[in-house]
There are 2 protein chains.
Amino acid sequence: MEQRPGGRSARVRDAVRQATLAELAEQGYGGLTVENVAIRSGVHKTTVYRRWGSVEGLIADALGIAREEPWPIPDTGSFQEDLREIVLLVQRGFADPVAGPISTAFVTAAAQSGDAARSLHDFFTARHEQAAEVVRRAVERGEVPAGTDGAEVIRMAVAPIYYRLFVTHEPVTEHDAIRAADAATVAARAGVIR
Amino acid sequence: MEQRPGGRSARVRDAVRQATLAELAEQGYGGLTVENVAIRSGVHKTTVYRRWGSVEGLIADALGIAREEPWPIPDTGSFQEDLREIVLLVQRGFADPVAGPISTAFVTAAAQSGDAARSLHDFFTARHEQAAEVVRRAVERGEVPAGTDGAEVIRMAVAPIYYRLFVTHEPVTEHDAIRAADAATVAARAGVIR
DNA sequence: CTCCAAAGTCTACTCCAGTTGCGTTAAGTC
DNA sequence: GACTTAACGCAACTGGAGTAGACTTTGGAG
């Protein structure tokens, strides 16, 4: 990333990243400013502007870290249960008082900045690919027809959660999550998703 | 809304609304500023700030108008066809060079402003209710089990479109729309959505 | 150890979104 | 047709996001 990765630069980078996440968790995307991140991190404002450019840059960077850490793909032996687990994980993530605002901020930022949008796109591409494993296993067990598009099954399952959160602004319950997962399960079994 | 609805106030209101939509269509949400709307409409900046408050206020107002105009609910005689029509209508709406940016701006604005979020919520509540008509007819025909949640079927059908557009930032094709509609059709027939 | 340039700091500035206070216009009322 | 006041217009102001340029620190190479 930078030409001098060691020592001071690394400290600055980590301090800013941590401050960004903390601000996002407390204030959400609307309250995130370069100035506050600079103060909180102890790094000078101009430095943040030079290396990250803007609020969107801070978020794009934070997203890069988020993409690194893998998530637990369930393997219960049942396709329906696996899908339910995945969707519930998403739903609970947004309900979490710390992780929720941060995840929300990522989506909101991507709606405004091309950079953040690309980062988020890559993030979800990786997630879909990982989660599609449960579909591959279901195909092997004969629960789901061969040729089923695994990533698309995941999209179908989680989409209603995001739809409620970011489009219609309706509350989301665990029941909603389970229902969405089950609908995707039925559709996949019927061979509609290919 | 205002205590003096006639004459000048009405002209101001209409000019600002029209300018808002024009700016949104051309510039999108990112390029929408109160100042530009003021200039374009010929109304003074201060006046726009007083009556609409901010960019979000302009959008919340524009959404109010959008909610008024009803949309065509299909009645092809086939549940599957009806659902496909609805989802394709949504997909084509976003692909449209004029309506697309405006719709996108609504969603983006709602992600940041509580007022816009409430307006959008009401908007979609009305849409879901209207579109649920196709499910009611399907129940009458015996295509779908009684007790099926009509609004939820609509959510399931359109959610993947919005998910791709606003969350993962993936391209959306007509094929995606049809597949999503068909998946919702299968799930509804199976009695999973209630 | 020495050197040098990359990276960070600091101060002062610009610019523009949003506000304020006051004067002007015209909508609604009798 | 005169009066009241809601609503609009106007110009000057404020505050904070973002920039510019000179100066200082320090990581890394020889």
Side-chain angles (χ1 to χ4, degrees), chain A residues 1-20 22-24 26-62 64 105 108-109 111-116, chain B residues 1-20 22-24 26-62 64 105 108-109 111-116:
Chain A
M1 186 178 182
E2 56 256 323
Q3 297 183 27
R4 280 185 179 177
R8 183 166 63 166
S9 290
R11 277 197 304 278
V12 163
R13 176 167 41 75
D14 293 346
V16 168
R17 281 178 171 172
Q18 199 174 334
T20 300
E23 285 286 317
L24 282 180
E26 284 177 20
Q27 315 266 348
Y29 176 75
L32 186 73
T33 65
V34 173
E35 206 132 5
N36 285 341
V37 169
I39 293 168
R40 183 166 206 147
S41 64
V43 172
H44 207 87
K45 183 172 81 157
T46 35
T47 300
V48 180
Y49 273 113
R50 269 207 259 278
R51 284 188 54 180
W52 284 270
S54 67
V55 170
E56 280 75 30
L58 287 171
I59 291 191
D61 182 39
T108 306
Q112 292 178 308
S113 152
D115 280 356
Chain B
M1 188 179 181
E2 55 255 326
Q3 297 184 27
R4 281 184 179 178
R8 183 168 63 166
S9 290
R11 277 196 304 277
V12 163
R13 177 167 40 76
D14 293 346
V16 168
R17 282 178 171 173
Q18 198 175 335
T20 300
E23 286 287 318
L24 282 180
E26 285 178 19
Q27 315 266 347
Y29 176 75
L32 185 74
T33 64
V34 173
E35 207 132 6
N36 285 342
V37 169
I39 292 168
R40 183 169 205 141
S41 64
V43 172
H44 205 88
K45 181 174 82 158
T46 323
T47 301
V48 180
Y49 273 114
R50 269 205 265 273
R51 283 187 55 179
W52 284 270
S54 67
V55 170
E56 280 75 30
L58 287 171
I59 291 192
D61 182 41
T108 306
Q112 292 180 308
S113 152
D115 280 355

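Each chain gets a letter, A, B and so on, in the order its sequence line appears, and its residues count up from 1.
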Starting at atom [atom1] of [X], determine the distance to atom [atom2] of [N], rounded to an integer number of angstrom.
X	N	atom1	atom2	answer
Arg8(A)	dG28(D)	CZ	P	11 Å
Arg51(A)	dT9(C)	CZ	C1'	14 Å
Ile39(B)	dC8(D)	CD1	P	18 Å
Trp52(B)	dA17(C)	CH2	P	18 Å
Arg13(B)	dA6(D)	CZ	P	19 Å
Arg11(B)	dA7(D)	CZ	P	15 Å
Leu32(B)	dG18(C)	CG	C1'	15 Å

Any side-chain N or O of [X] under 4.0 Å from OP1/OP2 of [N]?
X	N	value
Thr46(A)	dA20(D)	no
Thr47(A)	dT9(C)	yes
His44(A)	dG8(C)	no

Point to revise | Test item: Val48(B) and Leu58(B) side chains (from C-beta on) under 4.5 Å apart, heavy atoms | key: yes
Review point. What closest approach, in Å, do Ser54(B) and Val34(B) show between heavy atoms, and which atom pair accounts for it?
Key: C-CG2, 4.0 Å
Review point. Can you name the nearest heavy-atom pair linking Ala38(A) to His44(A), along with the distance?
Key: CB-C, 4.2 Å
Output the distance between atom [atom1] ([X]) and atom [atom2] ([Y]), rounded to the nearest 0.5 Å.
X	Y	atom1	atom2	result
Lys45(B)	Asn36(B)	NZ	CG	11.5 Å
Glu26(B)	Leu32(B)	CD	CG	11.0 Å
Thr108(B)	Ile59(B)	OG1	CD1	8.0 Å

**Study point:** Bending between helix ends of the helix from dC1(C)-dG30(D) to dA27(C)-dT4(D) [5 pairs per end, 10° resolution]
**Key:** 30°
Study note, to complete from the structure: 5'-most contact on DNA chain C (nearest-nucleotide basis), Val55(B) vs Val43(A), goes to Val43(A)
Check your understanding: Is it the case that Glu35(A) and Tyr49(A) place a side-chain donor and acceptor less than 3.5 Å from each other?
Key -> no
Review point. Knowing that exactly one of Val16(B), Asp14(B), Val12(B) qualifies, which makes a side chain to side chain contact (heavy atoms under 4.5 Å, CB included) with Ser41(B)?
Key: Val16(B)
Review point. Taking atom types as they are modelled, is there a donor-acceptor pair under 3.5 Å from the base of dT9(C) to the side chain of Arg50(A)?
Key: yes
Point to revise | Heavy atoms from other residues, nucleotides or ligands near CD of Gln27(B) exceed 12 (cutoff 6.0 Å) | key: yes
Write out a two-atom table: protein N or O, nucleotide N or O from nucleotides 12-17 of chain D, distance below 3.5 Å.
| residue | atom | partner | partner atom | Å |
| --- | --- | --- | --- | --- |
| dA17(D) | OP2 | Glu35(A) | OE1 | 2.4 |

